[in-house]
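Basis for what follows: all heavy atoms, side chains included, without hydrogens, waters or symmetry-related copies.
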Amino acid sequence: MVTEGIEDMQISCVANGNENLEGPFICQIKKMGANSSSISELPENEYLQKLSGSEPISENDPFWNQLLSFSFTTPTNSADLKLLEEATISVCKSLVEKNPRTGNLGSLIKVFLSRTKELKISAECQNHLFIWQAHNALFIICCLLKVFISRMSEEELQLHFTYEEKAGPSSYGTECEDLIEELLCCLIQLIVEIPLLDITYSISLEAVTTLIVFLSCQLFHKEILRESIIHRYLMHGRCLPYTSRLVKTLLYNFIRQERSPPPGTHVFQQQTDGGGLLYGIASGVATGLWTVFTLGGVGSKASAQLEQCSPLASQSLLLLLVLANLTDAPDIPNPYRQAIMSFKNTQDNTAFSSSNPHAFQINFNSLYTALCEQQKSDQATLLLYMLLHQNSNMRTYVLARTDIENLVLPILEILYHVEERNSHHVYMALIILLILTEDDGFNRSIHEVILKNITWYAERVLTEISLGSLLILVVIRTIQYNMTRTRDKYLHTNCLAALANMSAQFRSLHQYAAQRIISLFSLLSKKHNKVLEQATQSLRGSLGSNDSPLPDYAQDLNVIEEVIRMMLEIINSCLTNSLHHNPNLVYALLYKRDLFEQFRTHPSFQDIMQNIDLVISFFSSRLEQAGAELSVERVLEIIKQGAVALPKDRLRKFPELKFKYVEEEQPEEFFIPYVWSLVYNSAVALYWNPRDIQLFTMDSG
């Protein structure tokens, strides 16, 4: 790290002689002093020592110009990351101890607040130096806040913001303003009002990061925070009017996926006469610190991550998810969630409801495209879930798309690679499918979309298959994986519910999809017989024994019979509603007809078996009449002819098979730990000591 000490801040900035202020700046500074240090020497840095020392520093002191003129070289290993964290903590501990007497934290924040008032004009005038120093101020504030919040209550933190500085007259006068609210409001204004340019990218990212840090107190509590000082500031007062603009800006940051400026784009070039000073804005502060603070600690891993994505887009999405999942205030519902629930398409000209002050418009086409492209990340899948579940405008738009495969295929790929994904990501993908299958139009249209060569589906070469058949294959594969590995009833239920919703609309099922439906039933049948046999043997063995209690085979049997019942209902729904569209399913049913014999007289399945039994008998009879040694093509031809002749009035009518996704009563118990685990694992430029985390266990993150 190079920290520049500037004794006489007489600065004249020119743009290589170019009057319109374009191009890299050359900053000429009189009486420069520079001292280089490694990260391990940060605690001894004279400016940080003064900041955290016993002497109060006025916000007008030239010291701030000296403190804020620094650049970083990129640490290359996890040891450097650990040193940086330890160095930050040591400075913070000293500041925690001395700040009640010095008020230096407040002075630093006031310096930052005063500089942000000129940020917009600085961006327009390409004033790199001014923006760079404002960024540095915010970076220091963010580092301090992160440690403060991890080590003290919100009430204690609030006290540190209200200590009056004792060093001379303040430019803010003598009134005691609420610095937390002012800083929060300033950060939001910075995000929504400062244009996103190469020179403002770093400070925009830092503002988003600092808001996440402000909300990170949740990480250090096992219970869900429902009464929080920071939440209250964000949902009331000066921050409230910016709700919809903040949500809109964060969404557009996600949509744009703007990459960080390449290293060296905005560097203050050193003059050939040696009178200049190298200021590494993008290459030093931005790239270096992003790499350092990315969780994981290995520079190469973090660098690779940054090359693949947009740090601002990633961080903005995380902040959006955190804000949307804040618990409601006692007097008002969460306004950020309200904004997400109600925004409309820019092409929608209908009037907004006057009862919702947080409504706004956004380009749905751009948002849809970004969602399709980003589904490999948990957070993008979670955003898609929230939009489909909570925003009826977005759900209607998505269901009306003629290229729905662009959204569904990435979701299916998540489920297909279930063993590589965390369980929460799989749940979200599955619930998205369940929500989509609630719509009959979706269930019809997916069978009309024909796909070529699905390369990621490895079990079988699929040169041509409908999206609907592929969806069935992937969901069935997920059920089978769950039966052999995780045995999660919740996952079973949602998979079967999605298949049930689709069943009446099955069309032209691919022969492999039809086979897999019957194969799944075969697997369930074998499992049922095995559990039944185990239960019988245990019962016999216990008759002459007073040993320990028997395993609860009755419960296992009940669960497997529920699943079998559901599969029979799905097959029955297809046969009664669209038999003539699905000769491949009838073929598979006839081929494995012996499977269904044992369930014909079973009291749990007798009613639903009537239709299946009738169909099997009807088509078996027609095949027998056609003679032996029939080819597959001939059998299918007989099935197609028989489907027209089958008397539909003989099939018993059952209620329509429909399931609707409903959130649990307290969804925050699931979503808040999930969102913060994503922040912990994915946030750019942030690191928390895993030993401090209380909200979730490390393996669940």
Side-chain angles (χ1 to χ4, degrees), residues 3-11 13 29 33 45-70 88 91-92 94-122 127 129-149 156-190 193-194 203 206-207 210-211 213-214 233 238 279 285:
T3 305
E4 307 295 351
I6 305 166
E7 296 173 9
D8 186 349
M9 288 298 294
Q10 296 180 16
I11 304 175
C13 291
I29 304 175
N45 179 280
E46 61 178 299
Y47 302 110
L48 293 179
Q49 281 189 334
K50 185 170 181 180
L51 174 67
S52 58
S54 304
E55 293 299 316
I57 309 166
S58 163
E59 66 216 60
N60 302 312
D61 196 302
F63 161 82
W64 300 110
N65 284 325
Q66 299 164 343
L67 175 71
L68 303 179
S69 299
F70 64 82
T88 307
V91 170
C92 286
S94 177
L95 190 64
V96 168
E97 181 187 342
K98 309 287 178 50
N99 190 61
R101 293 185 294 280
T102 66
N104 285 346
L105 176 63
S107 293
L108 172 60
I109 290 166
K110 289 176 182 178
V111 168
F112 169 71
L113 292 173
S114 67
R115 295 192 180 209
T116 56
K117 293 174 182 174
E118 307 298 330
L119 273 181
K120 201 168 185 179
I121 191 71
S122 298
N127 188 336
L129 178 63
F130 192 91
I131 294 170
W132 170 48
Q133 288 203 335
H135 167 272
N136 285 354
L138 183 54
F139 172 75
I140 295 172
I141 291 168
C142 188
C143 287
L144 294 173
L145 272 178
K146 188 170 71 69
V147 179
F148 272 46
I149 287 171
E156 291 173 303
L157 179 69
Q158 196 172 30
L159 284 175
H160 277 278
F161 273 78
T162 55
Y163 293 131
E164 286 297 300
E165 62 135 301
K166 314 288 194 299
S170 166
S171 60
Y172 280 72
T174 56
E175 74 276 4
C176 178
E177 61 280 339
D178 196 323
L179 272 185
I180 291 185
E181 183 175 34
E182 192 165 352
L183 180 55
L184 286 169
C185 195
C186 173
L187 293 172
I188 293 172
Q189 288 172 328
L190 196 160
E193 292 178 353
I194 302 301
I203 195 166
E206 201 63 51
T210 307
L211 279 178
V213 167
F214 256 121
Y233 283 125
R238 295 174 56 188
Y279 283 96
V285 176

- Item | Polar side chain donor-acceptor pair, S69 to Q133, under 3.5 angstrom | yes
- Message: Apply side-chain contact (heavy atoms from CB on, under 4.5 Å) to residues L179 and L105 and explain how you reach the verdict.
- Response: CA-CA 10 Å; L179 272 185; L105 176 63; over 6 Å; no
- Message: Quick check: do F112 and L183 have side-chain heavy atoms less than 4.5 Å from each other?
- Response: yes
- Query: Hey, what do you get for NE2 (H160) to CD1 (I109), rounding to the nearest 0.5 Å?
  - Reply: 11.5 Å
- Item | Any residue meeting side chain to side chain donor-acceptor pair (under 3.5 Å) with E156, in chain and number order, not counting sequence neighbours | S153
- Item | Verdict with reasoning, I131 to I194, per side-chain contact (heavy atoms from CB on, under 4.5 Å) | CA-CA 11 Å; I131 294 170; I194 302 301; over 6 Å; no
- Query: Are L187 and L138 close enough that some pair of their side-chain heavy atoms sits under 4.5 Å apart?
  - Reply: yes
- Message: Using 0.5 Å steps for rounding, measure from the CD atom of E193 to the CD1 atom of I188.
- Response: 11.0 Å
- Note on the structure: Output for pair (L95 CG, F148 CZ), nearest 0.5 Å, gives 4.0 Å
- Query: Where does the angle between the aromatic ring planes of Y47 and F63 fall among parallel (under 30°), tilted (30 to 60°) and perpendicular (over 60°)?
  - Reply: tilted
- Item | Residues in side chain to side chain contact (heavy atoms under 4.5 Å, CB included) contact with S94, at least two apart in sequence or another chain | S52, K98
- Tell me, do L211 and L184 make a side-chain contact under 4.5 Å, heavy atoms counted? yes
- Message: Which residue in the set V111, D61, N136, L48 passes side chain to side chain contact (heavy atoms under 4.5 Å, CB included) when paired with L67?
- Response: L48
- Task: Calculate, to the nearest 0.5 Å, the distance between atoms OG1 and CG belonging to T102 and L51 respectively.
- Result: 8.0 Å
- Hey, does the side chain of N99 reach the backbone of N104 with a donor-acceptor pair shorter than 3.5 angstrom? yes
- Output the distance between atom NZ (K120) and atom CG (L190), rounded to the nearest 0.5 Å. 11.0 Å
- Note on the structure: When every non-hydrogen atom of C186 is compared with those of L113, the smallest separation belongs to CB-CD2, 3.5 Å
- Is any side-chain heavy atom of L108 closer than 4.5 Å to a side-chain heavy atom of W64? yes
- Message: Using the salt bridge (Lys or Arg N to Asp or Glu O under 4.0 Å) criterion, which residues pair with E118? Sequence neighbours excluded.
- Response: none
- Query: Sub-3.5 Å donor-acceptor pair from the side chain of S107 to the main-chain atoms of I57, do we have one?
  - Reply: yes
- Task: Nearest 0.5 Å please: distance from the NZ atom of K110 over to the CZ atom of R115.
- Result: 15.5 Å
